Amino acid sequence: MTTQLVQPPDVDSHLIACRATGASKTYGAGDTQVRALDEIDISFAGAEFTSIMGPSGSGKSTLMHCLAGLDRPTHGEIWIGSTELSSLDEGALTTLRRDRIGFVFQGFNLIPTMTARENICLPIDLAGGKIDSAWLDQVVHAVGLQDRIGHRPTELSGGQQQRVAVARALVSKPDIVFADEPTGNLDSRTGADILSFLRDAVRRFGQTIVMVTHDPVAASYADRVVFLKDGKIVNEIHDPLPEAVRAAMTELGA
Amino acid sequence: MFRHSLRQLVANKSRLALTSFAIVMSVAFITSAFILSDGFSRSFNAWATTRAEGTDLLISPETPFDTGMSFTFNPERIDEQVLDEVRSLDGVADARPVLWVDNLVRPRTPSGDLLDDKFWVAASGWVENEEFRIIEGAAPLVGDFALDVGTAETHGYIVGDSYDVSTPLGNRTLRLSGLTTRGERNDTAGQVEMSVAMDALHEWTGPGYLGINITQELDEDQEVLKTRLQAQIPEGLVVETRAEADAAITSQLAPVVNGIRGGFLAFAAIAVFVSAFLIYNTFTVLLSQRVQEIGLLRAIGATPMQIKASIRTEAAILGLIASALGIAPGIGLALGLQQLMNSTGGLPKTDLILAPRTILIGLGVGTAMTIAGATSPARKACQVPAIVALRNGATEQEESSRWRFVVGAAVLLLGAGGAVMGLFAVEDTTTTLAALGLGAMAIFVGVALLNPLWMRQATDLLGLPLAKFAGVPGRVARQNIGRHPRRSATTAASLMIGLALVSMVLVVGESAKERVGGGAEAAYLSDHVVRSQLGYKYPISVPEQLEKLDVVGDVATVSLDTAEVDGAVQTVAAVDFESLGELLDVDLALGSGLVAPVGEGSHSVLVLESEADRRDLALGDAVSITFLTGEQRQLTVAGIYRNNAVGGTNFMVERATWQEATGQTTVDIIAVQSASSVSDVEFEAAVAGFEAANLQVDVQSIHDYVETTGGTIDMMIGFINMLMLLAVLISFAGIANTLALSVLERTKEIGLLRAVGMKRQQLRRLIRYEAALISIFGAAVGASIGVVFGIASVKALPTSVADSVSIPVGQIAVLFVLAALAGVVAAAGPAWRAGRRDVLDLIGA
């Protein structure tokens, strides 16, 4: 990738947004013990777009859940900025997710009874915060939803729904956005739109994004692809092209 | 398919637990109704058979007319010498006198109060027989008394100790000589049975007997003896065989027993009705969750009939198990109710009998109502086409709202029509009640059908403050109600019914209290009154002695008696007409009532205006009155009065007329005016001394008297509403059930909310808000219907019970708030469980 990085002045690209050190996650005990994450060390720099890839059962979803404070590693530390997560109780974790993390899921991203606008503002509303309407406008324009903002999810196409989800993830200016197969339910063209938005968010707003995917094309939108197998990081590609990602996956036996 | 039904039940056991609770409650109600009425019936029959053990024939004074009331106290006495004559007659082996007096003769308890067991205190002249005998101590002589062993044990009386006893001649100190038992089990039918020597009773109440019980020689035909005796005894006395007397008592008791059973069954019907809503709701949701599975069954070849049968089997098993579980709480409920009613004076304490019939009815009704509740959901479920199995996420089909509107409005109108007819067009009480009950049910069903059509708008409005001030949880909760308006509405419906009934009782009760209280206020111009809530009749000596007290200025009395007036049995008040307008406030519309001279062959009567209208009576018209003694008098209408406050009677006669015709002197009401120069403190002190010497007399200020009267009504309202609230409790189980189900349905959505930062407390608040909205909606509709029902009932009730509507706004408001809060409490379980679930579980589910 040769695109010139345009950094907004207030984002320091060298600041580490998120970091795991020695993170392990085991299920069960004794003979039946399963090691989903095995002593993972990884960090995500600010304003960086990272894809996590790996075959089924490689631990990529577990890693994301642990990084996002949805799950806790059995050993090791997870840092969001300067906060270490294992010291936080459930309430503090929830607050951290609300204020400092954005989420985009594969499906069922939106509350059906709320309009697109209400869905986007949900994390801020939950926090009882005030909406920065200039910023909201900017985000809504960026994802091209200015005409659909008053509609409910059932009145939106699948692609539009995912754009609402992306806008929601961005609007609270989180430290980091986690996207779990955000294009899994979309056709390739609509999916490409969403991925472009995500990449734009990194370029234009300096947003840090971590995306789990099994699609090499999707992964190639990122600045970096990290490959997992059996709970370990086995490979890493910077400025990936789809072919290189596909080859790396084949090598993993996926 | 049977095994499939069984597995479904096991798989949904937590869902079904709350539904079972509703069935258990309903069956408990039904069971307790039968247990109580059976016990009462048995106890009373046992009392009826033991009361005259060894008696073959009974002699009693003839009643000039049928009073239609149980155990009317006939003032006519049999001369004592008749007993000796009867004893000497051929064919009579033995003859025993019968004499008793109710309520007036009471001992102090060991703790010093006057024995005030609410039900009935009867003091009899002591005559031993095989079934009524002394089991401890000795028979009472003059100066003694005996008590039934049950009462003695309850209050801790000790044989040999002396106690103050109120008598018509004032207090006596009597020695407890022994304890009696009626039969093996002391079947007193709940009354306090006190025995004194016959001579003592004669001294207190005058000579003569109320009856004579005869044991015949063995070798004569009973009917032949009866005919012969009837010819030999003085005129005015009748001979009955034992069988005839028992049949008369049984037929008088039957309505009482049926009334008790009917009353409790009415509450059971309410519980069943409310539960049916809950069962319907549960099955609708359970089946809509299973729609794909049903589609699959259909796809692999199950017929709609098989699906329906499977669901019915599920309902039947659930109903049977839950009904069986309801029997034991039914016994507990019966025990508790009896305790409560006994302490409030409604019912005697009797044995509780669990007949096999009771169990069968309980199981039958419980199972049938479960199957009935599941019928409509089952019918809809079996119409699911096979293709649904292949589709994803089929949702509950909401039927067209026009259809719903038409049916709902039709049922509502039908119900309203039935209720109005019942209230205003039907004369017969049973038909009125039946029409009212069915009408009310139809109204409830109609409103329940219509509710989904406007519930969304209503809860949107109710939820406005939540959406404004309670943040995201408030907003989401408000929107969630509208997502399944039908389910939310059915949930609210059960609460609606409960609250409607409770508020109706409150309105009727308040209006009745107003009437009675206001009536009491209006009836007396005196500042004090003596009137027993239990209907004591005071000997004339009581007002005479009161009048002699220095602190008392003036006294007026009212005696109430049963008489036949122009062919209709009435309660008639005997008063001194001079006292009207002095101490007793009677608003004369026409005539003075005072002008008619009380002389030979000329007696005057005052008639209540509405009664005069009904009978087309005017001043100067003649009225014929027959007293219980058989004495008949021609009366002239000398006045027409507007209020029937004094004693609540339609007719008033001169005291002199009544005394002369009946030989009676007892009084029911004594209006007491303090002397003008006397302070309250002096008055109280002097009266307290009088009360101590006359235990049964309680001189109350008008204010206290009104309070006591109102208190009795309050107690009744409280009792009825306590039973109603059990139905409300069932509806809260419904709320908990609905919320648990909707939380289950929205698992992913909740997971999303939690992932993007909704805190546990916020989520729990969301669920509680939903419950509050459903409850408030149900409570608001229910309270409104209840007030309308209440107003209609007050209009339909006789004016002697309630004449103007009075709505206890405060109480209904409190009820309303409590309902909303209780809804929140009902949501606690589902809210807690939802909050506890792991976020990953939720989003992964």
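Proteins get letters first, then strands, A, B, ... in listed order; numbering begins at 1 in each. Everything quoted here is computed from the prediction, not taken from an experiment.
- Between Gln762(B) and Thr94(A) there is no side-chain heavy-atom pair separated by less than 4.5 Å.
- For the pair Phe105(A) and Ala755(B), the tightest heavy-atom approach, listed with the atom from each and the gap, is CZ-CB, 3.7 Å.
- Interface remark: of the candidates Leu753(B), Val476(B), Val756(B), Val756(B) forms the most heavy-atom pairs closer than 4.5 Å to chain A.
- Interface remark: Arg754(B) contributes backbone and side-chain atoms alike to the contact with chain A (heavy atom separation under 4.5 Å).
- For Arg72(A), the CZ atom sits in a packed shell: over 12 heavy atoms of surrounding residues, nucleotides or ligands are nearer than 6.0 Å.
- Residue-level contacts of residues 165-172 of chain A with chain B, in order of numbering, are Arg168(A); threshold 4.5 Å between heavy atoms.
- Going from atom CE of Met758(B) over to atom CD1 of Ile111(A) covers 7.5 Å, rounded to the nearest 0.5 Å.
- Taking a 6.0 Å sphere around NE2 of His151(A), one finds it holds more than 12 heavy atoms contributed by other residues, nucleotides or ligands.
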